[in-house]
2 protein chains.
Amino acid sequence: MGNPTIYDVARVAGVATSTVSRVFGKPGRITDATRDRVLRAARELGYEPNPHARALTSNRTQTIAMVVSDITNPHFFELIRGAEMRAKAAAYTLVLVNAEESTRMELEQVRRLTRSVDGFLLAASRQPDDELAELAAAHPVVLINRRVPGIASAVLEPWEGCRQIVAHLASLGHTSLTYLAGPPNSWMAASRWTALRDAAAEAGMSAVRTGPYTPTVKSGGAAADAAIGTGATAFVAHNDLLAIGVLRRLADRSVRVPGDVSVVGFDDIFAADLCTPSLTTLGGAHSDVGRAAVEILLESLGHPRDHGATPEIVLPSQLVLRASTGPRTGPDDRPPAGPRQN
Amino acid sequence: MGNPTIYDVARVAGVATSTVSRVFGKPGRITDATRDRVLRAARELGYEPNPHARALTSNRTQTIAMVVSDITNPHFFELIRGAEMRAKAAAYTLVLVNAEESTRMELEQVRRLTRSVDGFLLAASRQPDDELAELAAAHPVVLINRRVPGIASAVLEPWEGCRQIVAHLASLGHTSLTYLAGPPNSWMAASRWTALRDAAAEAGMSAVRTGPYTPTVKSGGAAADAAIGTGATAFVAHNDLLAIGVLRRLADRSVRVPGDVSVVGFDDIFAADLCTPSLTTLGGAHSDVGRAAVEILLESLGHPRDHGATPEIVLPSQLVLRASTGPRTGPDDRPPAGPRQN
DNA sequence: CTGAAAGCGCTAACAA
DNA sequence: TTGTTAGCGCTTTCAG
């Protein structure tokens, strides 16, 4: 009654079950003639290998899990897409898992899946470093947009990108910027702030940070108010979602963008091009990051316990100039914290 | 070396393997005392059931697959989110599969996964009815945003929603509308057109259709041009992505919205509130649709081959009025096809 | 290159 | 309620 098995195929083809297994499992190691016989029989019977039976003995499941910190963040779309395509190309199934910005949930999901997948892609993980080290020691893991020494990773480069943001703002005459920080456990948030601060110092700009903020449109209101309070003329938000929220709040308060302040985001999500004004943002080929991450993971699945260097891929980011940044037109030289009248 | 198995647990707890199996599988049917002993032993050993071994004998995998026609369409985000949450609540894993708007790929993916999942959620499937019937006969299937007689489904109601769109436009003085159609195999596209046409007839409005168009921003250019050619004063686009593309093209051609024409979309995606002008669109609780679909699927997994009525859930849609619709201000009574001067 | 046979870890009758 | 015992469908030595 059930589905045909290798036994059925073996019988019809007149070979042993192990031969059938080999035809579907190993590339060479079989005569063309017998392979054809087996394949013909399989087709005839409508045979499909049972992945669970296969996994049970081989411990390979042909699936990988991608854990994202928040599935509703558009930033992940391209990432997911790239990973999905690469996985499919290698005949792997991609399981998407949502951590909903919760450290605990992220960990729970990983544990739940350890036996069902061959490896993990952890995107924007909020785990502490040592927890990640532990996970990486137990399973094949590739970090996305996060770096931890000794763990494979694929990231969109933030440092040079932030330098470009600062250079762009400086060239427009801005002398002060405020970074509206992302979640406290976000590696990207930390990296961006460090890079912005250093670049600002080099450029002779002052830089302060407010936050942290949940990277959502909703949080933009509070973020905008705090940013205004810093007196800076350029706001760099942790991501586009937050930046869009900031733009809204500024509009509500009749602060003109880029007339009064300039606003920059990160990620270059679809909506960055639609909001008013359209958003200057640091983007990049996110789908390539996803693709690269899968590639690294597949590589490590190929030869486990490889003691070579851990691959850490960095893909270039790209500053997309739009309408939310413009020349500084406010009072001259107002220091960010000083309430100097003008 | 390997992970602990029920044998290890059974030995440590001093019971039979089947007892261990029952503790993890069945709810009651076991003495509290022995259950405790088993659980303690399991914890001690760090035992985790092997899902593949379990699937091999029980034919239940605790995972369901959701196939979406295009993973990059923001419309699906909430749908996915709702489905994912409901699945997790039932200790099911949700596998996300991308069909990339390809009928063939959709089918391929389903075949590939038949053995690995307990059932399928097919969102906005592009398959012909009879193919779906065949799939549904072979596996538990729930359709999302598509209805086929005899197959379980969860949809966001289009009919009354379209009537509301027409009523809204009529109340603004519009007497003609053009529907910018979605993909030819889209059930939603067909339903929307039928509903719009009928509602328009009732309201004394003329309605024509152009297309089909791929529901993306990029297609909006051609769609807008075609729509302008129809002479209608109200454009109803198949979805928000297309509508946003239309808005852009209209802006490029200096057609004012809503001054010259009104534009309506479907889905109420995030970006609908950000574009300029913001988009009037027919939305709804998409996450509830996803949730409902999972619920139906789980239900059917509970008692397979249930010969009761096939559940067909319809969730209410909701017209969200924004800035892209306004009073008709063009020449009076210009029939859509008639070149009458004014 | 191919076959025989022993499991992989678990569930599900069937007994007790 | 608990134990015994076959397999589930496949991979993988080990022989031939």
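Bear in mind that the values here come from a model prediction, so they are computed numbers and not experimental data. All heavy atoms count here, side chains included; hydrogens, waters and symmetry mates do not.
For B:D32 and D:dT2, the CG to C1' distance is 15 Å, given to the nearest whole Å. Counting to the nearest Å, the P atom of D:dT1 and the CZ atom of B:R35 are 11 Å from each other. As rounded to whole Å, 13 Å separates atom P of C:dG3 from atom CD1 of A:I6. The nearest whole Å value for the distance from the CG atom in B:D36 to the C1' atom in D:dT2 is 16 Å. Atoms CZ (B:F24) and P (C:dC10) sit 9 Å apart, rounded to a whole Å. Rounded to whole Å, the distance from CG on A:N3 to C1' on D:dG9 is 11 Å.
Applying the 4.0 Å criterion to OP1 and OP2 of C:dG3, one finds that A:T19 has a side-chain N or O inside that range. Within the structure, a side-chain polar atom (N or O) of B:T31 is placed less than 4.0 Å from OP1 or OP2 of D:dT2.
In this structure, the side chain to side chain donor-acceptor pair (under 3.5 Å) partners of A:T72, at least two apart in sequence or on a different chain, are A:D70. Applying the ring-ring contact (aromatic ring centres under 6.0 Å, His included) criterion to B:F24, with sequence neighbours excluded, gives B:Y47. Residues passing the salt bridge (charged side-chain N to carboxylate O under 4.0 Å, His left out) test with A:R86, sequence neighbours excluded: A:E295.
B:Y7 comes within 4.0 angstrom of a base, heavy atoms only. A:V20 comes within contact range of no nucleotide atom at all, as no heavy-atom separation falls under 4.0 Å. Within the nucleic acid shown, B:T5 comes within 4.0 Å of sugar-phosphate atoms alone, with no base atom in reach, counting heavy atoms only.
With rounding to the nearest 0.5 angstrom, the CZ atom of A:R37 is 13.0 Å from the CZ atom of A:R35.
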Atom pairs under 3.5 Å, N or O on each side, protein against nucleotides 14-16 of chain C: can you list them with distances?
none

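DNA chain D is contacted by both A:S18 and B:A16; B:A16 maps to the nucleotide lying nearer its 5′ end (nearest heavy atom per residue).
Sequence neighbours left out, the pairs with a member in residues 4-16 of chain B that pass salt bridge (charged side-chain N to carboxylate O under 4.0 Å, His left out) are B:D8-B:R11.
Ring geometry for B:H52 versus A:H52: interplanar angle of 30 to 60°, hence tilted.
Contacts between residues 49-60 of chain A and DNA chain C, counted as heavy-atom distances below 4.0 Å, involve A:L56, A:T57.
Residues A:L121 and A:V67 have side chains not in contact (no heavy-atom distance under 4.5 Å, counting atoms from C-beta outward). Counting heavy atoms from C-beta on, the side chains of B:L132 and B:S125 come closer than 4.5 Å. Residues A:V117 and A:H139 have side chains not in contact (no heavy-atom distance under 4.5 Å, counting atoms from C-beta outward).
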